[in-house]
Protein chains: 2
Amino acid sequence: MNVDETAPQKGTVTQRAIERIKAMIAEGRLEPGQRLPTERDLATQLGISRSSMREAIRALTVLGVLEARHGSGIYVTQLEAGDLLETFGVVADLSRGPRLVELLEVRRILESTATALAAARITPDQLAEVEKHLTAMNATDDPEEILAHDLAFHREIAAAAGNETMAAILEGLSSRTFRARVWRGYQEEGAFARTRREHAAIHRALVAHDPEAARAAAAAHVGEVEEWLRAQLGG
Amino acid sequence: MNVDETAPQKGTVTQRAIERIKAMIAEGRLEPGQRLPTERDLATQLGISRSSMREAIRALTVLGVLEARHGSGIYVTQLEAGDLLETFGVVADLSRGPRLVELLEVRRILESTATALAAARITPDQLAEVEKHLTAMNATDDPEEILAHDLAFHREIAAAAGNETMAAILEGLSSRTFRARVWRGYQEEGAFARTRREHAAIHRALVAHDPEAARAAAAAHVGEVEEWLRAQLGG
DNA sequence: CCTCTGTATTGGTCGGACCACTTCGCTGGT
DNA sequence: ACCAGCGAAGTGGTCCGACCAATACAGAGG
């Protein structure tokens with residue numbers, strides 16, 4: 001009748017180990033920043049081999065839950081938004097076709113709201129930082145540099161919105177390779193001027209602390225790219 | 001001088017293997033659904049041990065990029081929104097305190113937009129499905145069953161919005177354990193009646209195909225929980 | 001008290017062995 | 001000719017043991 005009490009036997013042992021560790025963290029038995037036992041000890045505790053335990057640790061590492069330091073030990077991350085949402089970039093990097101449009105639609109929704117929130121909450125210091133990237137972006141012709149400042153421009157705004165989780169998601173949706181893939185074609189059509197105009201409009205709304213104007217400007221900004229990409233796929 | 005041409009030597013070999021495979025997919029050299037070489041062959045090709053290759057594969061498996069079938073082989077997933085965003089549930093499950101409020105804020109933004117889109121696009125069949133879960137939810141007192149139908153209610157609406165990516169994100173933000181943790185306390189205060197009223201309002205807006213009413217109803221619905229949770233943490 | 005050093009600890013990598021499951025061709029009967 | 005059943009080959013899953021590489025820490029030396 002298999003009254004085996006210690007082995008639920010569902011899935012692979014590695015998968016079970018992953019769940020066990022996740023559960024330990026969820027239940028608070030492992031605090032953020034805390035150090036775990038050694039791989040060898042953990043393997044013994046869960047009754048599995050070190051190889052399997054290593055796979056489980058590696059999995060939780062890429063998910064941003066654990067962090068392995070060579071020679072030191074394994075630690076629980078701070079479990080902050082940035083740690084856990086880093087994997088969001090993978091989604092953006094591996095999505096293609098219609099999925100890209102959907103991602104831009106999500107970004108438009110979140111970015112417009114974040115920009116609206118930023119308009120209401122942004123501090124002079126943060127605003128100065130935004131302006132720094134805005135002027136730097138308009139002062140060069142190097143596409144690489146423009147892209148970098150463009151990213152920073154929106155990142156500062158997202159940070160000013162005061163929701164780290166939203167900022168982390170937007171960061172993932174704007175990951176380097178994702179933007180590079182879409183931006184490349186978009187900017188080749190001489191969209192630089194339009195982009196500058198839209199960025200200026202967003203900036204004006206931030207200065208005026210006008211949330212609705214900021215929301216509209218940000219939505220239009222992302223929407224432009226969205227429509228362009230939609231047309232690319234349609235034709 | 002280390003003019004080693006074949007070894008960039010950045011990070012662990014496993015991490016490099018992960019990037020290599022991700023790149024192969026991003027470049028289109030590996031199509032969705034396609035089968036990869038065996039673990040042993042892949043390890044040989046990349047010049048690493050099978051152990052390290054297995055860790056890389058395991059990592060990409062938990063990210064929803066690859067799928068390993070015992071005895072058959074390793075395959076690239078369809079790379080659809082659901083596959084890649086499954087890990088989003090982990091974020092919801094491991095977040096606590098202020099992070100939970102932020103997650104609910106993101107959900108409020110996306111859910112309200114998704115509900116508005118659904119109001120404009122929902123088909124009679126989809127509407128019938130939504131109503132099925134609405135009535136079933138009101139016909140029982142079992143918290144578990146209510147939660148299940150509640151989840152399905154919102155899932156159907158998200159699906160009707162026509163953006164799979166958004167639906168997948170919302171699915172993660174409503175993962176079983178996440179809802180269970182928050183709902184438990186919320187419903188204990190006799191919020192059932194209020195929840196039913198809010199669900200009814202959302203349903204009315206869908207029937208009327210009124211996007212703005214739907215947006216408002218959904219935002220209020222999530223906002224109620226959000227405010228309650230905010231108060232819980234504040235006190 | 002500080003610095004250097006060597007040793008123990010710990011994660012990273014490797015190779016091989018065996019197990020569990022799937023697949024598919026072969027066998028044998030109908 | 002067809003098909004059910006069997007068995008070998010292939011493949012992922014698990015385990016073991018060894019060694020490498022980076023870190024941490026205690027003790028020696030200044």
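Proteins get letters first, then strands, A, B, ... in listed order; numbering begins at 1 in each.
Using a 4.0 Å cut-off between a side-chain N of Lys or Arg and a carboxylate O of Asp or Glu, B:Arg230 and B:Glu227 qualify as a salt bridge. The pair B:Glu19-B:Lys22 meets the salt-bridge criterion, since a charged nitrogen lies less than 4.0 angstrom from a carboxylate oxygen. Ionic pairing of A:Glu39 and A:Arg58 is not present here: no N-O contact between side-chain nitrogen and carboxylate oxygen is shorter than 4.0 angstrom. For the pair A:Asp93 and A:Arg176, the salt-bridge criterion is not met [side-chain N within less than 4.0 Å of a carboxylate O].
As a whole-Å value, the separation of B:Leu36 CG from D:dG12 P is 9 Å. Computed from coordinates, the B:Met53 CE to D:dG13 C1' distance equals 16 Å when rounded to whole Å. Distance CG (B:Asp41) to P (D:dT11): 7 Å, rounded to an integer number of Å. A straight line from CZ of B:Arg40 to P of D:dG13 spans 11 Å, rounded to a whole angstrom. Rounded to a whole Å, the CG atom of B:Leu42 is 12 Å from the C1' atom of D:dT11.
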> Run the salt bridge (Lys or Arg N to Asp or Glu O under 4.0 Å) check on B:Glu188 and B:Arg184 step by step: do they pass?
Replying inline: CA-CA 6 Å; B:Glu188 276 176 359; B:Arg184 191 187 308 161; 6.0 Å; no
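Counted within 6.0 Å of CZ on A:Arg69, heavy atoms from surrounding residues, nucleotides or ligands total more than 12; the atom is thus considered enclosed.
Taking the six-membered ring for Trp, A:His199 and A:His154 have ring centres closer than 6.0 Å.
Residue contacts shown for A:Ile57 are absent, as no nucleic acid heavy atom lies under 4.0 Å away.
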Got a list of protein N/O to nucleotides 20-25 of chain C N/O distances below 3.5 Å?
from	atom 1	to	atom 2	distance (Å)
C:dA20	N3	B:His70	NE2	2.9

Protein-nucleotides 14-16 of chain D N/O pairs closer than 3.5 Å?
from	atom 1	to	atom 2	distance (Å)
D:dT14	OP1	A:Val13	N	2.5
D:dT14	OP2	A:Thr14	OG1	3.3
D:dC15	OP2	A:Ser49	N	3.1
D:dC15	OP2	A:Ser49	OG	3.2
D:dC15	OP2	A:Ser52	OG	3.0
D:dC16	N4	A:Ser51	OG	3.0

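With A:Ser95 contributing its side chain and A:Ala92 its backbone, the two residues share no donor-acceptor pair below 3.5 Å.
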